[in-house]
Amino acid sequence: MAANTEPIREAEKEPLNFIEEIIEEDLRSGRHTTIRTRFPPEPNGYLHIGHAKSICLNFGLARKYGGKCNLRYDDTNPTSEEQEYVDSILADIRWLGFEPDEILYASDYFDQLYEWAKVLIKKGLAYVDFSTPEEIAAQKGSPTVPGTPNKYRDTSPEENLALFERMKNGEFPDGHCVLRAKIDLASPNMHLRDPYMYRIKHAYHHRTGNKWCIYPMYDWAHGQCDSIERITHSICTLEFASHRPLYDWFIEQLGIFPSKQYEFARLNLTYTVMSKRKLLQLVQEGYVKGWDDPRMPTLSGLRRRGYTPESIREFAHRVGVAKRENIIDVSLLEFCIREDLNKRALRRFAVLRPLKLILTNYPEDRVEWLETENNPEDPSAGYRTVPFSRELYIEQEDFMENPPPKYFRLYPGGMVRLKSAYIVVCTGVERDAQGKITAVLCRYIPESRSGSDTSGLKVKGTIHWLSASHARIAEVRLYDRLFQVEDPASEEDFKKAINPNSLEIIPQALVEPALLNTKPGEHFQFMRLGYFCTDPDSTPEKPVFNRTVTLKDTWAKEAKKQHN
RNA sequence: UGGCCCAUGGUGUAACGGUAGCACAGCAGAUUUUGGUUCUGUUUGUCAGGGUUCGAAUCCUUGUGGGCCAACCA
């Protein structure tokens, strides 16, 4: 019976976002039998997490509905676009986990666009205007006062055709004239007040070289490019909503495939700037070390920081798609990377700020290799051994001479478990002439060894450690948010909101031997400290690790509460 | 003061005229050889007024608040 074929978990289906609803309706009604989307970056900067939202949306939709998604570089402005960006964009898309069905360029369609411009001219719907930009702006009026036509608006199609050809042939200098669509100078939508179609730029284009000296404007190019590729759902951000009537107008006048534009709200993140202009400023003015600085929200920065493609896709999914302006709490991004790395990252011992710990009752020359799990969340990750000896290093913050309430690490008279090793009791400290503590003295409980503990002792705390003679030096880079305010973009000067302590370099952190020969991009959890990944600067002689994100730290919260 | 878009806990996002749900964040507890993980519980919300309706977050209307639009940028 039909009833038996009903999906059992129908009720648990994920809700659709508004674009998916439109698509499903289009598919249901037969308006489309398959969908096609595109991701259209301008190659004038590096991709950032905001683009990732768009990439995941466009490619994800194609994947979900069995359609196709192209990468189309929007390269209509040769003066701001570069090959470096073209390359990084593709690399980032692939790293994120998507492969374009086709890799295309708006410049692939320059010839077609030129022919179509002539079609509009012949229909009396476009004209060459020799006014200055200032004159044109003035003639456009304002949102409340209609524009006024100038004499060029009445030039005949024949004359316009000839003029336009001369434009194309390079007979005029840059900015001498412009091709405009003839639409409606009184429209309440400013984009319809005879928008520019072509401008003159005697500039070398990264793909077409010196073939053209006229280049199409965004509005004149985008919709037709979509149409040529038979894009069914052209998804863009909110600020383009008022361009949509123009998008539709060009397509209708040309009588070509009716791609439709839909707008969604771009991603904003707390404590982050997302505009390419601002990011470029951070790079050019040296506030960060480059586009891939781990503090940058660029995909290359996040990658170097240790974010995984999976975590970013999950994040893009969780933030949702809607038309409401939003600002997402970075803690959601951090949640996503912790969630991913918790399952996959191998655990390792590292001590960032070492404090010597001496086991006064442990033999001087003895070394034990103790077994410890690589990842308690993943039994298949197996075990490794770590060396244990009389002199160890622990984290400075794991010892306090006068501990506050609820501190259950080490303190004089206190007892703690050394992870995967023994329980130790603190018997005192060693000091230098200035009275500064140089070492913590402990007795270890021989029968408390992990795996064969017969001591019957219970301890509240477990801390990580390193055998002093086996520990190796590594550089560790601790990153913090780049901005001190939630919404730096709304500041008068966003650069004044930069966090002066966004990077702390620890040149001589200590790590266990297993951390010596790792590959750039490998992820680890430094036990009790956070997730780290090997930086490209790393060498076997001097390993370098970036902190991706700390572990959740409820003790830090508690300590802060006590402090206040 | 022209046009367009938007308004649900702290932040996002569902509910398609019929019990306002989920996630993150927060808080409390349990478990834990990572103060991690996991698990449990929990605080907090429909911008305002009017209307339609047996019933409105949802429809209509008027406000209010926010965003976008007058680059030879995209």
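Because only heavy atoms are used, hydrogens play no part in the values below, and waters and symmetry mates are left out as well, while side chains stay in. Below, read A as the first sequence line, B as the second, and so on, with proteins coming before strands; counting in each chain starts at 1. All of these numbers come straight from a predicted model, not from anything done at the bench.
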Given that A/F526 and A/D174 both sit by RNA chain B, which one's nearest nucleotide is further toward the 5' end?
A/F526

Go nucleotide by nucleotide along RNA chain B from the 5' end; which of A/K323 and A/A556 gets its closest nucleotide reached first?
A/K323

Please report the distance, rounded to the nearest Å, between CZ in A/F315 and P in B/rC24.
14 Å

By salt bridge (charged side-chain N to carboxylate O under 4.0 Å, His left out) - contacts of [X] (at least two apart):
X	answer
A/R384	A/E512
A/K406	A/E558
A/E239	A/R266
A/K343	none

Side-chain (A/Y198) to main-chain (A/Y114) donor-acceptor, under 3.5 angstrom
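Pair found, side chain donor or acceptor close to backbone of A/Y114.
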
Distance between the P atoms of B/rU53 and B/rA14, in whole angstroms?
31 Å

Between B/rG2 and B/rU62 - P atom distance, rounded Å:
14 Å

Partners of A/R207 by side chain to side chain donor-acceptor pair (under 3.5 Å), sequence neighbours excluded?
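Listed in chain order: A/D108.
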
Pairs touching residues 332-355 of chain A that satisfy ring-ring contact (aromatic ring centres under 6.0 Å, His included), sequence neighbours left out
A/F349-A/W465

With hydrogens left out and only the distance checked, is there a donor-acceptor pair under 3.5 Å joining [X]'s side chain and the base of [N]?
X	N	answer
A/R528	B/rU34	no
A/E377	B/rU38	no
A/R409	B/rG35	yes

Which residues in [range] have a heavy atom closer than 4.0 Å to any atom of RNA chain B?
range	answer
residues 338-351 of chain A	A/N342, A/R347
residues 181-194 of chain A	A/P188, A/M190, A/H191
residues 446-454 of chain A	A/S450, A/G451

Measure from the side chain of [X], starting at C-beta and using heavy atoms only, and say which of [options] lies closest.
X	options	answer
A/D553	B/rG26, B/rC72, B/rG35	B/rG35
A/T462	B/rU33, B/rC24, B/rC68	B/rU33
A/K552	B/rU37, B/rU11, B/rA28	B/rU37
A/V178	B/rC73, B/rC72, B/rU34	B/rC72

Please classify the nucleic acid contact of A/K557 as base, sugar-phosphate, or nothing, using heavy-atom distances under 4.0 Å.
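Result for A/K557 = sugar-phosphate.
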
Just call it for A/E263: base, sugar-phosphate, or nothing, with non-hydrogen atoms closer than 4.0 Å on any strand.
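Nothing, no nucleic acid heavy atom in range.
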
Go through RNA chain B and write down every stem, that is, every run of at least three consecutive Watson-Crick or G-U wobble pairs with distances under 3.5 Å, as range with range.
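The stems are B:2-7 with B:64-69, B:10-13 with B:21-24, B:26-30 with B:38-42, B:47-51 with B:59-63.
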
My understanding is that only residues two or more places apart in sequence, or in another chain, count here; which of them pass side chain to side chain contact (heavy atoms under 4.5 Å, CB included) with A/F130?
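With neighbours one apart ignored, the set is A/V128, A/Y152, A/L163, A/F172, A/H176, A/C177.
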
Those residues that, when tested against A/E310, pass side chain to side chain contact (heavy atoms under 4.5 Å, CB included) (two or more places apart)
A/T308, A/R313, A/D340, A/R344

Establish, from distance only, whether the side-chain atoms of A/Q525 and A/Y531 form a donor-acceptor pair under 3.5 Å.
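Yes, side-chain donor-acceptor contact under 3.5 Å.
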
